[in-house]
Amino acid sequence: MAAGFTLPPVSAQELKEIEISKVTVRGEFHPEAGKSYLMVESRNRRPLIRFVRLAEDTQDASNVFPLGYIEIPRDNRFANAADVSLWLFEVPAGNYAFSTISWQYLPQDIDCACMGSVRFTVEPEKVTAVRVESAILDAQGQQIETGNRANGRGEQDAFAMRGIAVGHPTSGQWKGRVAASAIEPARFVPMPELPNWFGNQINRVMPIPAVFRYERERMIDLRD
């Protein structure tokens with residue numbers, strides 16, 4: 001849940017932005033040999049989403065070695081219908097942790113998954129698919145809607161109770177645009193905490209079935 005306060009960025013771990021390339025889809029897209037891709041779905045209107053690239057030996061929150069970050073821009077979507085947007089970018093292969101998503105367009109209204117996140121691996125010659133969006137919560141902290149336009153709330157409602165929903169794409173917008181054989185749903189690994197690299201509002205990823213749940217503040221790994 002958005003806590004309404006921030007922590008200063010971790011100055012000892014200055015991150016540099018990693019260059020990524022937008023993929024222009026003409027017909028059905030097939031990955032090129034030796035290249036790797038990330039597809040992101042969101043129901044937030046024009047969000048700014050960041051993933052931090054991790055060193056190969058990063059295992060848990062006590063052993064986080066960032067190599068830089070990638071930023072999914074608000075525009076440059078390759079598909080958009082109703083309230084769902086899709087982005088497709090060529091990115092370096094490797095391990096990534098979800099870091100932040102914007103609720104509005106202001107720097108102070110970005111949620112950081114520093115109290116509970118997930119990481120995943122982007123494999124060569126695959127389109128790794130993830131979904132990231134705001135989760136609107138009721139007074140008991142239960143998710144009731146997704147996206148920053150849901151449940152009658154306007155984008156200016158900065159005080160909405162919210163978490164962060166991460167999972168696999170559910171809209172099917174990619175079908176017919178990306179070869180089904182190329183899609184690789186992200187295999188999520190729980191990360192109980194992340195540094196607040198960008199000094200944003202403290203938040204956490206909502207529980208993901210068969211991946212993790214929470215017992216109060218503690219993240220419980222549910223993977224076999």
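These figures come from a predicted structure and were not determined experimentally.
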Where [X] and [Y] come nearest, the two heavy atoms and their spacing:
X: A93; Y: R53; answer: O-NH2, 2.8 Å
X: S102; Y: R74; answer: OG-NH2, 4.0 Å
X: S36; Y: P92; answer: OG-C, 3.5 Å
X: A179; Y: H30; answer: CB-CE1, 3.3 Å
X: E41; Y: V84; answer: CG-CG1, 3.7 Å
X: I101; Y: S134; answer: CD1-N, 4.1 Å

Single-linkage hydrophobic cluster [X]~[Y], side-chain heavy atoms < 4.5 angstrom:
X: W174; Y: V132; result: no
X: M219; Y: M206; result: no
X: V23; Y: I183; result: yes
X: I164; Y: V52; result: no
X: M191; Y: V122; result: no

With the threshold set at 4.0 Å, does a side-chain nitrogen-carboxylate oxygen contact exist between [X] and [Y]?
X: E123; Y: K126; answer: no
X: R26; Y: E28; answer: no
X: R213; Y: D221; answer: no
X: D75; Y: R46; answer: yes

Do [X] and [Y] have side chains that get closer than 4.5 Å, going by heavy atoms?
X: V118; Y: I208; value: yes
X: P169; Y: M39; value: yes
X: V178; Y: Q173; value: no
X: V189; Y: F120; value: no
X: E133; Y: S42; value: yes
X: V40; Y: L86; value: no
X: R131; Y: T170; value: yes
X: P190; Y: V211; value: yes

Do [X] side-chain atoms and [Y] backbone N/O form a donor-acceptor pair below 3.5 Å?
X: E125; Y: G34; result: yes
X: Y37; Y: E32; result: yes
X: H168; Y: A129; result: no
X: W87; Y: P73; result: yes

[X] [atom1] to [Y] [atom2] distance, which is reported to the nearest 0.5 Å:
X: I20; Y: I18; atom1: CD1; atom2: CD1; value: 9.5 Å
X: Y214; Y: I220; atom1: OH; atom2: CD1; value: 11.0 Å
X: E71; Y: F89; atom1: CD; atom2: CZ; value: 10.0 Å
X: L88; Y: S21; atom1: CG; atom2: OG; value: 11.0 Å
X: M115; Y: N196; atom1: CE; atom2: CG; value: 10.5 Å
X: T24; Y: N76; atom1: OG1; atom2: CG; value: 9.0 Å

Could you go through R119 and L54, starting from their C-alpha distance and side-chain angles, then the distance that decides it, and tell me whether this counts as side chain to side chain contact (heavy atoms under 4.5 Å, CB included)?
CA-CA 9 Å; R119 61 182 172 90; L54 304 173; 4.0 Å; yes
Just wondering, more than 12 heavy atoms not from [X] lying within 6.0 Å of its [atom1]?
X: E19; atom1: CD; result: no
X: R223; atom1: CZ; result: yes
X: K175; atom1: NZ; result: no

Before giving the answer on side chain to side chain contact (heavy atoms under 4.5 Å, CB included), spell out for Q201 and I110 the whole-Å C-alpha distance, their side-chain angles and the decisive distance to 0.1 Å.
CA-CA 6 Å; Q201 291 198 101; I110 297 175; over 6 Å; no
Is the centre of the [X] ring less than 6.0 Å from the centre of the [Y] ring?
X: F188; Y: F98; result: no
X: F198; Y: Y69; result: yes
X: F29; Y: F78; result: no

Taking it one step at a time, do L38 and F51 satisfy side chain to side chain contact (heavy atoms under 4.5 Å, CB included)?
CA-CA 11 Å; L38 178 64; F51 300 90; 4.0 Å; yes
Are R77 and S85 linked by a side-chain donor-acceptor pair shorter than 3.5 Å?
yes
Before giving the answer on salt bridge (charged side-chain N to carboxylate O under 4.0 Å, His left out), spell out for R162 and D111 the whole-Å C-alpha distance, their side-chain angles and the decisive distance to 0.1 Å.
CA-CA 9 Å; R162 63 186 187 270; D111 291 325; 2.5 Å; yes
